Amino acid sequence: MAPAEPLLAATGISKHFGGVVALADVSFDVRPGEVHCLAGENGSGKSTLIKVIAGVVAPDAGTIGIGGELFHHLTPRQAIGLGIEVIFQDFSLFPNLTVAENIGLAAQVADRRKVVRPRVVRRIAAEALERIGVRIDLDARVEDLPVADRQLIAISRALARDAQIIFMDEPTTALTWREVEALFRVVESLKERGVGLVFVSHKLEEVLRISERITVLRNGVVAVTGDVTRFDRAAIVKAMTGRAVTDARPAESVRSSEQPLLEVEGLGLQGRFKDVTFSVQPGEVVGVTGLLGSGRSEIAEALFGVTPADAGSVSVDGRPVRLRSPQDAIKAGIGYVPGDRLTQGVFLDQSIGRNIIAGSLDRLVGKLDLVRPGLAQRTVDETATGLRIKMSSADAPVRSLSGGNQQRVALGKWLARDPHVLILNSPTVGVDIGSKHEILELLQAKSRDGMGIVIISDDVPELVAICHRVLVVRQGRLVGELSGEQLTEETVLRELAA
Amino acid sequence: MTTASDAGQRPWLSRLRGSNNEGILALTILVLCVGVGVVEPSFWSVRTMLNVASNSMTNVIFAMGVLIVIISGGIDVSFMAIGIFCGYSVIVLTNETGFGASSAPVGFVLAAVIGVALGVLNAAAIAGLHLPTLIVTLGTQGIIRGAMLAYVGSKVIPDYPEGLDKLSTNYLVTATGTSSTRLSVLIVPAVLICVLVSLLLRYTMVGRGIYAVGGDAESARRAGFPVVGIQFFIYLFAGLLAGVAGLIHVTRVRLANPYELVGGELDVIAAVVLGGASIFGGKGSVSGTVLGVVLISLIRNSLILLGVPGSWQRAAVGLLLIVGVGAQALSARSRRTSADLVAEGAPA
Ligand SMILES: Nc1ncnc2c1ncn2[C@@H]1O[C@H](COP(=O)(O)OP(=O)(O)OP(=O)(O)O)[C@@H](O)[C@H]1O
Ligand SMILES: [Mg+2]
């Protein structure tokens with residue numbers, strides 16, 4: 001069967017930011033009824049390509065052919081008028097407006113309405129949320145919602161209109177399998193209606209499962225493009241990185257020690273979680289997993305004093321500590337990398353260097369409380385190299401980094417601080433597979449050096465690869481603990497599904 | 001999925017508070033009235049009401065312009081300069097040319113047109129050149145006021161063209177007592193403008209676009225809002241409102257003094273911020289702003305009644321502005337932690 005005429009064909013697209021070449025002579029097309037996946041390492045140019053086609057970023061060269069017309073550059077309004085919808089990596093929502101308006105208003109703007117009828121806006125929003133089967137209060141303000149809800153709203157917004165082409169830039173980072181399944185069902189039905197979809201994800205299982213074609217970008221150029229049948233996991237990774245990547249080494253055994261780094265005893269918070277008891281030995285990596293809504297993140301946030309627990313006790317290095325606020329936790333030697341790093345973890349308009357040392361100024365000051373520039377510079381350099389942050393200079397604002405590299409800055413901020421216990425919520429979300437293992441190995445090395453590490457995640461292979469022990473949370477209680485021989489992907493999944 | 005709209009808050013309480021703390025403001029006004037009335041019983045009178053209404057009518061129109069600018073994430077300090085420029089120029093123009101001298105509406109159309117023209121200055125620099133709003137409007141304030149004093153005139157003018165003269169003595173209500181207090185008919189356009197702005201902000205795409213731009217301008221652009229067009233609209237419309245307010249002021253006080261108004265920005269900005277408009281952009285309402293204007297006017301009125309000197313009144317308004325901004329910063333902080341709090345769904 002001959003491939004259908006493409007809905008959209010971008011040809012010879014180039015784009016540079018200052019000295020950084022984000023895209024060089026990239027050609028890319030989307031056919032009706034197919035999912036075309038864009039893969040590539042962090043900073044390889046995926047989001048930039050999407051922004052060029054959506055009219056958000058003007059390309060330096062190249063053309064965009066759509067509906068029989070050829071454009072040198074588009075405006076967002078034009079692109080929307082041509083039937084293009086985008087789920088942006090950073091969601092691009094209005095924090096101050098309600099859920100209904102975030103979804104419905106955008107659809108109405110696209111239709112060039114002049115008058116807004118709140119009832120219509122609500123109906124559009126309700127229907128769009130219905131399509132992916134989620135229920136979110138239509139009158140809630142987006143700024144008050146957790147990151148998973150925001151991602152679902154961004155998805156619903158793109159589905160609210162009858163778009164011809166839908167770009168999804170990492171739409172599943174904050175979602176668990178239940179929402180991902182719902183999204184994939186919608187994608188299937190859109191394919192049947194002849195919509196062309198572009199899907200970006202660092203979760204290769206998703207990519208292989210959902211796509212018809214794959215294009216891999218490497219440093220702004222197309223490394224390879226072709227039917228999904230020509231690819232397997234290893235082939236994609238090879239094309240992305242130019243080398244073969246080995247999986248993370250399984251965790252080494254733990255030095256047994258009398259004194260746990262972290263001891264949690266009967267921790268509870270009314271209506272959220274109860275009777276949580278566990279400990280972390282020096283050199284041990286402990287995983288905590290559970291479904292969305294199980295309370296796993298609340299436990300982490302209680303340990304960091306964001307939402308203090310109302311029962312139980314916590315000791316760090318054998319000393320009991322009170323954790324009423326993040327300041328208490330930091331003083332006690334606990335660090336926390338939040339799950340929603342794009343909006344919570346970093347100051348987007350500040351430089352990369354400043355962000356990295358922001359959490360550890362007290363460790364970098366010398367006489368007169370002045371920051372010692374040499375030491376600060378060394379910390380920044382070490383962190384950026386260790387995490388392989390792709391940047392033009394440490395003085396560039398974090399906003400200019402690709403999404404995955406922004407995440408690494410947030411991670412770097414806490415690693416630079418070197419806390420006794422570091423709690424990480426989904427540490428490798430949005431990070432490409434090439435770097436994922438390096439980051440995990442970095443965490444293992446930190447743990448060997450005596451840092452207690454707690455990882456909250458639902459990436460089961462990752463947990464199995466790096467953790468000594470995995471705790472399973474269900475409805476606010478620890479219901480299982482897996483370690484040693486018992487700790488395999490199957491056993492964790494079985495515990496989760498039980 | 002969680003639906004935590006206002007984590008840990010009872011719904012009736014948050015409804016009473018209003019989305020922009022209108023409830024708290026109304027309560028403050030009530031407490032203030034009762035308090036001052038207890039100390040000074042003469043406060044409770046029709047006179048006070050008429051006084052407050054009279055003193056609020058121009059400021060409330062200026063405040064509508066400031067409100068939309070603040071919602072969009074900007075700040076405007078040029079509105080008083082535009083106001084007095086328009087008010088004073090219309091008097092001078094009609095006196096000298098005789099054009100439309102017998103008709104007050106012609107004067108208002110003229111003021112509106114001049115206001116829009118001056119608004120173009122702000123719009124071009126802000127939407128066209130992407131310059132910061134505070135600096136731009138500070139600059140245009142100086143330019144507009146300077147141009148007026150240099151080219152239009154610098155003398156106080158007591159003689160009014162026939163149409164505006166008649167309008168200035170047209171009263172809606174007159175309360176007689178020891179001395180009579182009257183409410184000018186010009187309160188009617190002020191009320192109409194508030195209603196109009198309220199409808200605009202709620203039910204038009206431009207109005208919602210102003211909130212969207214204030215929430216996140218880049219997101220607004222990506223969603224297809226015509227951001228530059230919206231910004232132009234904002235500053236032209238604010239210019240129009242300032243022009244009309246300026247002429248209403250000049251008409252009401254029956255003396256066209258080019259040295260007036262400029263310097264009075266504080267009261268209006270404080271009123272808008274107290275009324276719940278967020279200095280970070282994206283939030284604010286007409287009802288809150290009206291309450292804010294009334295509150296400031298009431299406070300001034302009570303301070304006069306209690307014999308507090310004028311300079312302290314200004315200090316009091318300044319203090320209120322800081323209280324308003326401080327309250328916003330605090331609630332923004334607690335809001336942020338409550339969003340962290342529900343960073344993931346909790347078991348039911
Ligand atoms: N506004 C900008 N200013 C400067 N540089 C930018 C800007 N936007 C992107 N870049 C650079 O362009 C390159 C490509 O970034 P892009 O966001 O397209 O990557 P990506 O493939 O989407 O990565 P990720 O998987 O991390 O999201 C990066 O090196 C990034 O630093
Ligand atoms: Mg990206």
Side-chain angles (χ1 to χ4, degrees), chain A residues 51 54-56 75-77 79-81 86 88 91-97 101 105-106 108-110 112-118 134-137 139-149 152 157 271-273 292-298 301 306-307 338-340 344 425 474-476, chain B residues 1-9 11 14-15 19-20 71 73 199-230 278 280-284 332 334-348:
Chain A
K51 285 180 192 163
V56 171
T75 65
R77 272 167 90 74
I80 291 167
V86 184
F88 288 100
F91 310 156
S92 293
L93 297 174
F94 304 111
N96 58 325
L97 298 184
E101 290 205 299
L105 215 48
Q108 297 262 286
V109 177
R112 311 252 167 144
R113 290 289 154 90
K114 296 280 178 280
V115 173
V116 178
R117 280 185 302 171
V134 297
R135 299 182 49 178
I136 302 175
D137 179 4
D139 297 315
R141 281 189 185 170
V142 162
E143 64 193 348
D144 295 327
L145 295 176
V147 59
D149 284 6
L152 290 165
R157 182 166 82 171
R272 307 257 161 163
F273 56 87
L292 207 64
S294 61
R296 49 167 212 216
S297 290
E298 278 79 0
E301 282 171 359
V306 182
T307 34
D340 178 14
Q344 283 179 18
N425 203 335
R474 202 182 307 138
Q475 300 200 329
Chain B
M1 287 301 95
T2 46
T3 54
S5 61
D6 245 347
Q9 242 181 49
S14 67
R15 201 168 318 141
S19 55
N20 295 294
I71 292 174
L199 294 175
L200 175 96
L201 284 178
R202 262 194 244 190
Y203 298 113
T204 68
M205 197 48 92
V206 178
R208 297 321 291 168
I210 294 172
Y211 283 91
V213 169
D216 189 330
E218 176 62 18
S219 296
R221 190 174 76 90
R222 291 182 185 181
F225 282 99
V227 175
V228 170
I230 289 173
S278 165
F280 309 112
K283 281 173 202 164
S334 74
R335 183 179 284 282
R336 214 167 303 138
T337 17
S338 78
D340 291 352
L341 182 152
V342 288
E344 206 161 86

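On a predicted model such as this, the values are computed, not experimentally measured, just so you know.
Contact between B/Ala220 and A/Phe94 at its shortest, heavy atoms only, is N-CE2, 3.4 Å.
Heavy-atom pairs under 4.5 Å with chain B peak, among A/Val142, A/Val115, A/Leu97, A/Leu105, at A/Leu105.
Only the side chain of A/Glu101 comes within less than 4.5 Å of a heavy atom in chain B; its backbone stays farther off. In this structure, the portion of A/Phe88 lying under 4.5 Å from any heavy atom of chain B is its side chain and not its backbone.
Contact of the B/Glu218 side chain with the A/Val56 side chain is registered, since non-hydrogen atoms from C-beta on lie closer than 4.5 Å. No side-chain heavy atom of A/Arg113 sits less than 4.5 Å from a side-chain heavy atom of B/Arg208.
In terms of modelled atom types and a separation under 3.5 Å, the side chain of A/Asn96 and the main chain of B/Gly281 share no donor-acceptor contact. Panel note: side chain B/Arg222, backbone A/Pro76; no donor-acceptor pair is recorded below 3.5 Å.
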